[in-house]
Peer 1: 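Take a look at the following structure, please.
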Amino acid sequence: MITMQLQNNDGESENSLTSADLSALLLSLGQERSREIFRQLFEFFAPRLKTYFLKGGATSELSEELVQETFVIVWRKAEMFDSRKASASTWIYTIARNLRIDRFRKERRYLYKDDQFFANELVGEETQIDDHHQSQLSERVKKALPLLPAEQSTIIKLAFYEDASHSKIAQYLELPLGTVKSRMRLALARLRKLLEGVDL
């Protein structure tokens with residue numbers, strides 16, 4: 001098992017890495033199995049992943065453990081990365097998200113960030129819902145998402161399953177920021193209507 005110390009890196013080299021650079025590093029890792037390349041990826045993503053896990057409700061200790069588990073998978077499966085299908089960030093964050101969900105399910109922790117968002121955005125403020133209802137809401141949302149137009153569903157998934165900001169989504173999809181915000185509003189409005197007819 002590969003383990004590294006999780007610490008912040010404020011050096012210029014980390015900040016200068018572009019999406020293309022990260023994808024190139026991940027491709028190289030899959031081909032060369034280089035520990036130096038692995039170190040560069042770890043130092044770039046580890047602090048960001050820890051923040052992601054913390055925002056998702058994990059403790060600091062669990063967040064560091066999940067970061068380590070994420071990079072064990074990155075090391076083992078780097079050769080499966082396809083830069084034509086996803087960026088390095090999307091690929092790694094997908095691994096991280098799946099680990100977070102699996103861990104929380106095992107611990108019977110149902111209040112995910114996803115639930116909190118949809119509870120706040122898709123249910124009126126006057127509605128009081130407990131953890132059980134939030135879990136049901138999350139399941140209904142998962143069923144409703146495929147019913148959205150693809151361009152709206154993609155934006156919802158990037159924003160609330162990968163914690164991407166509107167500006168990051170605009171950059172990733174090569175769309176104007178206004179278009180992203182407009183599609184987000186349309187998607188949320190459509191989800192509200194769809195959820196009325198989605199049963200568990």
Side-chain angles (χ1 to χ4, degrees), residues 19-20 22-23 26 45 48-49 51-58 66 70 73 77 80-106 108-200:
S19 178
L22 294 168
S23 291
L26 189 52
F45 282 108
R48 292 164 172 80
L49 287 173
T51 298
Y52 168 74
F53 289 129
L54 288 170
K55 287 182 178 180
L66 289 171
T70 298
I73 295 175
K77 298 188 176 182
M80 298 175 63
F81 171 66
D82 187 343
S83 60
R84 296 168 298 181
K85 296 181 179 179
S87 67
S89 294
T90 297
W91 192 77
I92 291 174
Y93 271 90
T94 298
I95 293 172
R97 175 182 174 270
N98 290 338
L99 283 172
R100 176 174 67 91
I101 290 174
D102 288 345
R103 178 61 66 89
F104 280 13
R105 281 176 177 167
K106 288 177 182 177
R108 297 186 178 181
R109 296 176 58 180
Y110 299 113
L111 187 58
Y112 307 144
K113 176 185 184 295
D114 307 331
D115 298 325
Q116 292 173 317
F117 163 74
F118 288 118
N120 292 335
E121 293 294 326
L122 303 180
V123 179
E125 292 182 0
E126 70 281 1
T127 303
Q128 299 297 316
I129 54 178
D130 59 22
D131 289 1
H132 174 67
H133 289 155
Q134 284 179 320
S135 178
Q136 287 186 323
L137 179 60
S138 180
E139 290 301 317
R140 292 170 64 200
V141 166
K142 289 176 183 178
K143 288 187 176 184
L145 274 177
L147 303 177
L148 291 175
E151 65 271 13
Q152 294 177 13
S153 177
T154 297
I155 288 176
I156 288 288
K157 289 175 182 177
L158 287 171
F160 303 107
Y161 288 91
E162 298 187 25
D163 288 330
S165 65
H166 287 175
S167 60
K168 289 290 186 182
I169 294 172
Q171 181 181 11
Y172 178 72
L173 297 178
E174 298 182 350
L175 292 172
L177 182 58
T179 299
V180 170
K181 291 182 177 181
S182 175
R183 288 182 182 178
M184 180 71 74
R185 287 193 296 269
L186 290 171
L188 290 175
R190 187 171 177 81
L191 271 176
R192 288 188 183 97
K193 293 181 179 179
L194 288 172
L195 286 177
E196 295 175 0
V198 175
D199 297 321
L200 285 173

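Side-chain atoms are counted along with the backbone in the values below, which use heavy atoms only and exclude waters and symmetry mates. None of these values were measured; they are calculated from a predicted model.
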Peer 1: Looking only at heavy atoms, which two atoms of Ser153 and Leu145 are closest? And how far apart?
Peer 2: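 Distance-wise, the nearest heavy atoms are OG-O, 3.7 Å.
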
Peer 1: Arg190 versus Pro149: any side-chain heavy-atom pair under 4.5 Å?
Peer 2: yes

Peer 1: Check the pair Ile156, Leu188 against side chain to side chain contact (heavy atoms under 4.5 Å, CB included), reporting the backbone distance first and the verdict last.
Peer 2: CA-CA 8 Å; Ile156 288 288; Leu188 290 175; 4.1 Å; yes

Peer 1: Using every non-hydrogen atom in the two residues, find where Val180 and His166 come nearest and quote the distance to one decimal.
Peer 2: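 It is CG1-O, 4.0 Å.
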
Peer 1: Atom CH2 of Trp91 and atom OG of Ser23: how far apart are they, to the nearest 0.5 Å?
Peer 2: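 Between Trp91 CH2 and Ser23 OG, I get 11.0 Å after rounding to 0.5 Å.
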
Peer 1: Nearest 0.5 Å, what's the CE-CG distance between Met184 and Leu158?
Peer 2: 8.5 Å

Peer 1: Just verifying a value: how many Å separate Ile95 CD1 and Phe45 CZ, rounded to the nearest 0.5 Å?
Peer 2: 10.0 Å

Peer 1: How far does CG of Asp102 sit from CG of Leu66, to the nearest 0.5 angstrom?
Peer 2: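 It is 10.0 Å, given to the nearest 0.5 Å.
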
Peer 1: Assess whether atom CD of Glu151 is packed by more than 12 heavy atoms of other residues, nucleotides or ligands within 6.0 Å.
Peer 2: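 Enclosed.
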
Peer 1: Say you draw a straight line from CZ of Arg97 to OG1 of Thr70; how long is it, rounded to the nearest 0.5 Å?
Peer 2: 13.0 Å

Peer 1: Working to the nearest 0.5 angstrom, can you tell me the gap between Leu22 CG and Ser89 OG?
Peer 2: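 So the gap between those two atoms works out to 5.5 Å.
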
Peer 1: Provide the closest heavy-atom pair for Tyr172 versus Ser87 in the form atom of the first, atom of the second, distance.
Peer 2: CE1-OG, 3.9 Å

Peer 1: What are the two closest heavy atoms between Gln152 and Ala187, and how far apart are they?
Peer 2: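 Result for this residue pair: OE1-CA, 3.4 Å.
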
